[in-house]
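These notes concern the structure reproduced below.
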Amino acid sequence: NDTAWGNWVTAAVTRWNPEYIEFINEPSSLALDPAWVVGIYAIGYAAAKAVNPSIIVIGPSCESISTPGNGVEWTVDFLNAGGDAYIDALGIHLYPHGLANHEPRSIVDQMAWLHTNIDGLWSGPIYNTEAGCAPEIFDTQTLATQRRWFWQTNMLPILTGCTKSFWYAWGEDNYGPYQSAYLTEILALWTVIKSFEGHTAAWDVLPDGTLRVVRDDGLTVTY
C-alpha cells in the first residue's frame, strides 16, 4: 500500500529524526525486483525529505558484492531502473570473504569489482553500512591474526573509496571480537583507527598479507 508506506516513513522520520535512513536491507539476497524497490525508494525518499530535507537516504546495501555473487549485478539493475534519483549515497556491505579464512584483503577485490560495474552509473558517495571480521572463527585465531583482521576490516572500506563506514566490525552478528581472549589488545587498535579520521593516507597490502597505511603527517601503521 503506497499511501501506508509513505505515511509510515513520515511518522518514523518525524519521531526519530535520523541523520540517515535506508529503506531496505540486502534486497539481492531476497531476489527482489529492482524496479519494485525503486518504487519503494521513490515514495520513501519524497516522504523523508518532506519532513527533513537534509536527511541522507542510503540504499540499497547489497551483500555479496564479490564475484561470484549477485550484489553488484543487483545494484546495477537498481541504478539502471532509476534508483539513483532516490538515494543520496549508495550503500554496500563489505564482509571479507573469498580468500582463505575470510581474509580482509578480499575487500580490495570487492571494491574493484563494484567500481568496474557502477562507475558509469553512480558518481556519488558510497557508504559501507555493514562489515565484520569473520565472527564465527575470529576468536580462534592468534593475536597477530586477530589484530590484522580487525585493523584491515575497519581501515580498508575507507581506503578503497567509501565515504563513510559505519560498522567498524561490531554489530548484531559480528560478535567475534567480544569473545576474544585478546579483547584488550584488540580494543587498543580503536584509538589508532580513530586517529586517521580527518587525514588522507597512502596504503598497500604487503606480500605477507599485512596492511601498511601511511598517514599524511608521516605516521606509519602496519598490521
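A donor-acceptor contact shorter than 3.5 Å links the side chain of Gln152 to the backbone of Gly209. Under the 3.5 Å distance criterion, the side-chain polar atoms of Gln141 are left unmatched by any main-chain donor or acceptor of Gln146. The backbone N or O of His199 sits nowhere less than 3.5 Å from a side-chain atom of Asp216 that would complete a donor-acceptor pair. Between the side chain of Asp84 and the backbone N or O of Trp122 there is no donor-acceptor pair closer than 3.5 Å. Side-chain N or O atoms of Trp74 include one that pairs as donor or acceptor with a backbone N or O of Leu32 at under 3.5 Å. Under a 3.5 Å cut-off, the side chain of Asn128 and the backbone N or O of Leu94 do form a donor-acceptor pair. Side-chain N or O atoms of Asn52 include one that pairs as donor or acceptor with a backbone N or O of Ser54 at under 3.5 Å.
Annotation: side chain of Gln110 is not in contact with side chain of His93 (no heavy-atom distance under 4.5 Å). Within the 4.5 Å cutoff, the side chain of Val57 has no heavy atoms near those of the Tyr86 side chain. No side-chain heavy atom of Ile24 sits less than 4.5 Å from a side-chain heavy atom of Leu30. Trp203 places a side-chain heavy atom less than 4.5 Å from the side chain of Thr160. Residues Thr163 and Tyr127 have side chains in contact (heavy-atom distance under 4.5 Å, counting atoms from C-beta outward). Counting heavy atoms from C-beta on, the side chains of Ile158 and Glu197 never come closer than 4.5 Å. Looking at heavy atoms from C-beta onward, Tyr223 lies out of side-chain contact with Arg212 at the 4.5 angstrom threshold. When side chains are defined from C-beta on, Ser165 does not count as touching Asn154, because their heavy atoms never get closer than 4.5 Å.
Separating the CD atom in Glu26 from the CD1 atom in Ile92 is a distance of 12.0 Å, to the nearest 0.5 Å. Taken from CD1 in Ile186 to CZ in Phe138, the straight-line distance is 4.5 Å, to the nearest 0.5 Å. Note: Thr14 OG1 to Asn7 CG = 10.5 Å, rounded to the nearest 0.5 Å. Expressed to the nearest 0.5 Å, how far CH2 of Trp8 lies from CD1 of Ile43 amounts to 13.5 Å. Here the straight-line distance linking atom CE of Met111 with atom CG of Asp109 works out to 11.5 Å at 0.5 Å rounding. Distance CG/Asn80 to CD1/Ile118: 11.5 Å, rounded to 0.5 Å.
A salt bridge (charged side-chain N to carboxylate O under 4.0 Å, His left out) check over residues 5-21, counting only residues at least two apart or in different chains, returns nothing. Listed by first and then second residue, the salt bridge (charged side-chain N to carboxylate O under 4.0 Å, His left out) pairs involving residues 32-49 are Lys49-Asp88 (not counting sequence neighbours). Note on residues 55-67: no pairs pass salt bridge (charged side-chain N to carboxylate O under 4.0 Å, His left out), not counting sequence neighbours.
Scanning both residues, Trp5 and Ile40, for their nearest heavy atoms gives NE1-O, 3.0 Å. Across all their heavy atoms, Leu159 and Ala201 have their closest contact at CD2-CB, 4.3 Å. When all heavy atoms of Cys62 and Thr75 are compared, the closest pair comes out as SG-OG1, 3.6 Å. Taking every heavy atom of both residues into account, Leu90 and Ile58 meet most closely at C-CG2, 4.5 Å. Closest approach of Asn70 to Ser28, counting heavy atoms only: ND2-O, 3.1 Å. When all heavy atoms of Phe150 and Ile193 are compared, the pair lying nearest together is CE2-CD1, 3.7 Å.
The side chain to side chain contact (heavy atoms under 4.5 Å, CB included) check on Glu73 picks up Trp113, with sequence neighbours excluded. Under the rule for a salt bridge (Lys or Arg N to Asp or Glu O under 4.0 Å), the partners of Asp217 that lie at least two apart in sequence or sit in another chain are Arg215. Taking the ring-ring contact (aromatic ring centres under 6.0 Å, His included) definition, one finds that Tyr41 meets it with Phe23, Phe78, sequence neighbours left out.
Counted by atom type alone, Tyr95 and Glu130 present one or more donor-acceptor pairs between their side chains at under 3.5 Å.
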